[in-house]
Number of protein chains: 2
Amino acid sequence: MVRPGGRSARVQASVHTAVRELLAEVGRDALTVPLVAHRAGVTPSTVYRRWGDLQELLSDVAVERLRPDTAPEDHGDLRSDLTAWAEQFLDEMASPSGRAYIRDALLGDPDGGNAGQCSAYAAEQIDAILTRAIDRQENTPAVETVMDGVVAPLMYRILFRPAGLAPAYARRLVAELLDPRAGRTA
Amino acid sequence: MVRPGGRSARVQASVHTAVRELLAEVGRDALTVPLVAHRAGVTPSTVYRRWGDLQELLSDVAVERLRPDTAPEDHGDLRSDLTAWAEQFLDEMASPSGRAYIRDALLGDPDGGNAGQCSAYAAEQIDAILTRAIDRQENTPAVETVMDGVVAPLMYRILFRPAGLAPAYARRLVAELLDPRAGRTA
DNA sequence: GGCTTAAAGCAAATCCCTTGCGTTTGTGGA
DNA sequence: TCCACAAACGCAAGGGATTTGCTTTAAGCC
């Protein structure tokens with residue numbers, strides 16, 4: 001049990017910042033628990049007891065890092081909002097560090113709790129955009145439809161085929177979602 | 001450089017089988033490089049020099065394990081073929097061991113070469129199905145369309161929201177791919 | 001068959017991870 | 001306010017994993 005205030009909170013904060021600083025300074029490969037602990041002014045055993053593992057610690061930090069810190073911008077209509085959001089999402093997530101954070105988040109717990117949190121972040125952002133569209137009386141898809149049609153393909157490419165991902169791909173996914181037509185034939 | 005035949009190949013094979021056997025016997029958590037090396041009749045330093053890391057070794061094994069060993073079944077028409085393939089894909093990949101293999105494959109190399117291989121396997125299977133459909137004069141989508149509309153959403157759910165994944169989801173994705181219509185509204 | 005070199009074996013040194021035990025520090029009750 | 005309890009941390013030792021220089025083996029090539 002992590003006590004809300006006092007020493008526990010201080011330790012958690014200093015360890016998290018130590019991880020972020022060292023990730024930038026020495027890179028992921030050179031990162032070790034003793035290194036993080038020393039930078040945080042803590043003993044390694046403390047880190048091992050609280051997080052159990054370097055991977056879980058990294059997963060923890062990654063989830064915090066992937067939390068969007070701002071509401072999606074309002075561009076006046078659904079298509080513009082979704083397109084802008086998808087392009088920014090792709091831009092942030094497809095970078096080497098973005099991919100590293102995603103992979104770390106995926107690894108934390110085997111049942112995918114941390115990864116589920118990241119998915120929930122994206123769903124929240126989408127939901128905010130769709131709610132605005134409904135308020136504007138626009139024809140609006142469901143959140144799940146956007147997740148399937150835009151977020152999932154973007155994430156799939158980011159994780160499995162990161163080479164040659166252009167913002168145009170995000171735009172195209174949004175366009176095909178909003179303008180349904182017969183599937184492109186081979 | 002891995003020499004094609006002879007001792008190198010023997011070492012690679014025995015290490016791979018040792019990993020698969022021990023994964024089944026002791027589980028992933030108890031798996032260590034010295035353990036694998038001993039089972040394979042090899043010294044740990046050999047494993048470290050060839051693979052560098054337990055994670056890369058697991059990624060290597062995972063890619064081999066995820067390679068489909070058979071062509072997709074022929075059910076007579078595109079919809080049946082795609083539905084059957086998607087259901088089987090979901091069934092295999094969503095299991096705990098399937099998810100573990102996918103995650104291992106994702107972790108191997110930071111630039112995603114191993115993960116790209118897995119994606120290529122899926123694309124090959126899809127392509128075989130679509131080629132048959134074209135031969136039958138059916139109206140056939142492009143491989144990329146199927147990857148975006150079926151494979152990516154399935155993989156996204158498997159990785160980020162593994163709870164409550166039913167075969168019906170795979171069926172629905174195929175149906176929506178083949179019967180385009182206005183997006184479900186919220 | 002002998003030569004060259006990539007790859008594996010060996011062993012020692014280092015470092016990481018684990019764990020038992022004592023100490024510190026929040027938290028809740030008298 | 002003070003006291004008692006429990007959670008979390010520090011310390012230190014032990015076991016095991018990882019690294020590395022050197023030697024030895026065996027494919028591949030004349």
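Each chain gets a letter, A, B and so on, in the order the sequences are listed, and its residues count up from 1. Every heavy atom of this structure was used, including side-chain atoms; hydrogens, water molecules and symmetry mates were not.
In the interface, the side chain of B:Arg49 is paired with the base of C:dG9 through a donor and an acceptor atom under 3.5 Å apart. For D:dC11, its base sits under 3.5 Å from the side chain of A:Ser45 at one donor and acceptor pair at least.
Atom P of nucleotide C:dT27 and atom CZ of A:Arg7 are separated by 12 Å, given to the nearest angstrom. Note: CZ (B:Arg10) to P (C:dG9) measures 11 Å, nearest angstrom. Distance CD (B:Gln12) to C1' (C:dA6): 15 Å, rounded to an integer number of Å. Remark: C1' of C:dC16 and CG of A:Leu54 are 11 Å apart, rounded to the nearest angstrom. For A:Glu56 and C:dT18, the CD to P distance is 11 Å, given to the nearest whole Å.
Nearest heavy atom pair, residue A:Ala142 against residue A:Leu130, reads C-CD1, 3.8 Å.
A:Arg79 and A:Asp179 are joined by a salt bridge, as a carboxylate oxygen and a charged side-chain nitrogen come within less than 4.0 angstrom of each other.
Considering only side-chain N and O atoms, B:Thr43 lies under 4.0 angstrom from the phosphate OP1 or OP2 of C:dG9.
At least one side-chain heavy atom of B:Ile126 sits under 4.5 Å from a side-chain heavy atom of B:Leu82. The shortest distance between side-chain heavy atoms of A:Arg39 and A:Glu25 falls below 4.5 Å. Looking at heavy atoms from C-beta onward, A:Met155 lies in side-chain contact with A:Phe89 at the 4.5 angstrom threshold.
For residues 19-42 of chain A, proximity to DNA chain C is found at A:Thr32, A:Val33, A:Pro34, defined as any non-hydrogen atom under 4.0 angstrom from a strand atom.
Cluster membership for A:Val143 and A:Val174, using ILVMFWY side-chain heavy atoms within less than 4.5 angstrom, is shared. Both B:Leu66 and B:Leu57 sit in one connected hydrophobic cluster of ILVMFWY residues. Membership requires side-chain heavy atoms under 4.5 Å apart, directly or through other members.
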*Starting from the C-alpha separation in whole Å, work towards a yes-or-no answer on salt bridge (Lys or Arg N to Asp or Glu O under 4.0 Å) for A:Asp104 and A:Arg99.*
CA-CA 9 Å; A:Asp104 287 339; A:Arg99 294 186 66 239; over 6 Å; no
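End-to-end axis angle for the helix from C:dT18-D:dA13 to C:dA30-D:dT1, using five pairs per end and rounding to 10°, comes out at 20°.
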When the side chains of residues 113-120 of chain A are checked against the rest of the protein, which donor-acceptor pairs come out under 3.5 Å, sequence neighbours left out?
residue, atom, partner, partner atom, Å
A:Asn114, ND2, A:Ser59, OG, 2.6
A:Ser119, OG, B:Tyr156, OH, 2.9

